[in-house]
2 protein chains.
Amino acid sequence: MGNLATTADEILRCARSLIIAGGYNGFSYADISEVVGIRKASIHHHFPSKVDLVRTLLQRYRTEAQAGIAELERHHPAPADQLRAYTSYWAACIGDPTSAFCVCALLATQIPVLPPEIVAEVQAHFRSLSAWLTSVLERGASEGSLAFAGTARSEAEGFMAAVHGAMLSARAYGDPQTFRGITEPLIERLVAGRP
Amino acid sequence: MGNLATTADEILRCARSLIIAGGYNGFSYADISEVVGIRKASIHHHFPSKVDLVRTLLQRYRTEAQAGIAELERHHPAPADQLRAYTSYWAACIGDPTSAFCVCALLATQIPVLPPEIVAEVQAHFRSLSAWLTSVLERGASEGSLAFAGTARSEAEGFMAAVHGAMLSARAYGDPQTFRGITEPLIERLVAGRP
DNA sequence: GACAGCCATCCTACTAGAAGGTAGGCATGG
DNA sequence: CCATGCCTACCTTCTAGTAGGATGGCTGTC
């Protein structure tokens, strides 16, 4: 009963895929109105300003990301499997143009020209993703299932950077396979040092 | 005698730093005209269209990059030192807002909305950078000064992705030190496996 | 059950400013 | 004398955002 996806949801979903394609300045209310089949002014009814729209979008994205990670942790108890599930999720996204990049990673490239409210959300995502990866690596190290040279924190930052760089390379080469080619050795190296 | 930097050079230099800040759609002819102290129409005299401007900018960037790498190879014969010199160059850039990101890496994020001529230049940069890194790693492996698990090619792709991801993280955290924190272990790991 | 009020949604019509780009004129210097 | 460089003035299209009206479904109240 009732439309499962409200208009506001549709707008957010559409805006997300447009940002993934071209960033904050790469889309307009007119673009959204065409796709959603609504007038520009109606979008302003749901989201008074562009900043409101993107802030809401990012808050929702972060909530979904955290829920996804919680789900992932339930399905995969082992730290190595959690890392594999994380990269596999993105490997599956890379092929689909509407979700082929992390919205926060893409927006992070444009931080100098972004409104401060947006920057705050992007930074929060980086911090929480880094914190989660750190906790996974810490547990893997204490269990003995993962091994690495430096601290869990610095290894987590390196892992996150490599994943973001892999998304970028996949886009640059126009080849989804590139992502797996970069991320798989990344995990196997962490597992290789196990007892 | 004569102004060392011509107006066209000034325009290109200015456009580059504006792209580094906000990407292809993040700057306008008006922005450049303000900084350079010239009218919008005069920029069109030097570069008829925005595509002309950015294509020229990228061709010059690629030439400079190749010259920089040639210079780097002269100063540092050892493969490990070449990798260190490469990341140190970028570590020095990260602090300066006008050069804190690789222009091609930044534009690569927006490939879906970029004119095809620009995409071609960006892809060419990724390919030549990857080819150079591969050759450095190959030489390091055959000399025995560097060690890694997979092929030189796949290791080079991973290295490049990590460097790009490190630029992104440094920007996201607003902390230049982040870049060194990610890239230094990257090289030491390659060196650690030496005989 | 009829009626009134209210609010959410969406619309048409509009604004001011910024976008990339053009036409044509005026210097200066080889 | 003619190419180079820069100018004023203008164009079209797009930008985010606003004003105000139509619809229509939910309330409460008599």
Side-chain angles (χ1 to χ4, degrees), chain A residues 1-19 21-58 60 107 110 112-119 121, chain B residues 1-58 60 106-107 110 112-119 121:
Chain A
M1 357 219 123
N3 43 352
L4 292 162
T6 70
T7 305
D9 290 336
E10 283 271 286
I11 293 169
L12 289 172
R13 203 179 49 79
C14 173
R16 182 190 292 195
S17 69
L18 288 170
I19 288 178
Y24 189 79
N25 292 314
F27 80 101
S28 70
Y29 273 44
D31 295 330
I32 297 174
S33 81
E34 267 180 48
V35 177
V36 178
I38 206 180
R39 296 291 153 154
K40 269 195 331 163
S42 306
I43 304 173
H44 281 284
H45 168 74
H46 293 280
F47 307 98
S49 78
K50 197 174 180 179
V51 172
D52 292 316
L53 171 55
V54 178
R55 197 193 325 107
T56 309
L57 184 158
L58 288 179
R60 180 168 300 201
L107 288 176
Q110 310 180 345
V113 298
L114 253 37
E117 301 96 315
I118 308 301
V119 174
E121 293 294 333
Chain B
M1 12 214 104
N3 42 353
L4 291 162
T6 69
T7 304
D9 289 337
E10 283 272 285
I11 293 169
L12 290 172
R13 203 179 50 78
C14 174
R16 182 190 293 195
S17 68
L18 287 169
I19 288 178
I20 285 168
Y24 190 78
N25 292 314
F27 81 101
S28 71
Y29 273 43
D31 294 329
I32 297 175
S33 81
E34 267 180 49
V35 178
V36 177
I38 206 180
R39 297 291 153 152
K40 266 195 332 163
S42 306
I43 305 173
H44 282 284
H45 168 74
H46 293 281
F47 306 100
S49 79
K50 195 174 180 179
V51 172
D52 291 317
L53 171 55
V54 178
R55 199 196 320 109
T56 308
L57 183 158
L58 287 178
R60 180 168 302 200
L106 209 147
L107 288 176
Q110 309 181 345
V113 297
L114 252 37
E117 301 95 316
I118 308 300
V119 174
E121 293 292 332

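These values consider heavy atoms only, across backbone and side chains, with no hydrogens, waters or symmetry-generated copies.
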Under a 4.0 Å heavy-atom criterion, the protein footprint on nucleotides 25-30 of chain C, written with B, S and -, is ------
Could you tell me whether A:R55 atom CZ has more than 12 heavy atoms of other residues or ligands within 6.0 Å of it?
->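 Yes, the 6.0 Å shell around CZ holds more than 12 heavy atoms from other groups.
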Does a distance-only test, which skips hydrogens and angles, find a donor-acceptor pair under 3.5 Å between the side chain of B:K50 and the base of C:dG21?
->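 No such pair is found, so the answer is no.
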Any side-chain heavy atom of B:V54 within less than 4.5 Å of one from B:L114?
->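 No, side chains not in contact.
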For B:P48 and B:H46, which heavy atoms make the closest approach, and how far apart are they?
->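 Here B:P48 and B:H46 meet closest at CD-O, 3.9 Å.
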Closest non-hydrogen atom pair between A:R60 and A:D9, with its separation =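 In terms of heavy atoms, the two residues are closest at NH1-OD1, 2.6 Å.
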Tell me, with the steps shown, if A:L58 and A:E117 meet side chain to side chain contact (heavy atoms under 4.5 Å, CB included).
-> CA-CA 10 Å; A:L58 288 179; A:E117 301 96 315; over 6 Å; no
If you measure from [atom1] on [X] to [atom2] on [Y], what distance do you get to the nearest 0.5 Å?
X	Y	atom1	atom2	result
B:L53	B:R16	CG	CZ	11.5 Å
B:H45	B:T7	NE2	OG1	9.0 Å
B:I11	B:L57	CD1	CG	11.0 Å
B:I32	B:R13	CD1	CZ	11.5 Å
B:L107	B:E121	CG	CD	11.0 Å
A:I43	A:C14	CD1	SG	7.5 Å

Taking DNA chain C as the partner, which of residues 19-29 of chain B come within under 4.0 angstrom of it by heavy atom?
->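 By residue number: B:F27, B:S28, B:Y29.
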Rounded to the nearest angstrom, tell me the gap between atom CZ in B:F47 and atom C1' in C:dT22.
->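 Answer to the nearest Å: 18 Å.
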For atom CD1 of B:I32 and atom C1' of C:dG21, their distance in whole Å |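 Going from B:I32 (CD1) to C:dG21 (C1'), I get 14 Å.
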Return a table of donor-acceptor pairs under 3.5 angstrom between the side chains of residues 19-28 of chain B and protein atoms on other chains or two or more places apart.
from  : atom 1 : to    : atom 2 : distance (Å)
B:S28 : OG     : B:A30 : N      : 3.3
B:S28 : OG     : B:D31 : N      : 3.2
B:S28 : OG     : B:D31 : OD2    : 3.3

Set out, line by line, the N/O atom pairs under 3.5 Å between protein and nucleotides 7-10 of chain C.
from   : atom 1 : to    : atom 2 : distance (Å)
C:dT9  : OP2    : A:H45 : NE2    : 3.4
C:dC10 : OP1    : A:T7  : OG1    : 2.9
C:dC10 : OP2    : A:H46 : NE2    : 2.5

Backbone N or O of A:S42 within a donor-acceptor pair of the A:Y29 side chain at under 3.5 Å?
->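 No, the answer is negative, given that no donor and acceptor are paired below the 3.5 Å cut-off.
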If you fit an axis to the five pairs at each end of the helix from C:dG1-D:dC30 to C:dA18-D:dT13, how big is the angle between those two axes, to 10 degrees?
->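 Helix axis angle between the two ends: 10°.
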Does anyone know the first and last nucleotide of DNA chain D in reach of chain A, 5' to 3', at under 4.0 angstrom to a heavy atom?
->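 In short, chain A contacts DNA chain D from D:dT15 to D:dA19.
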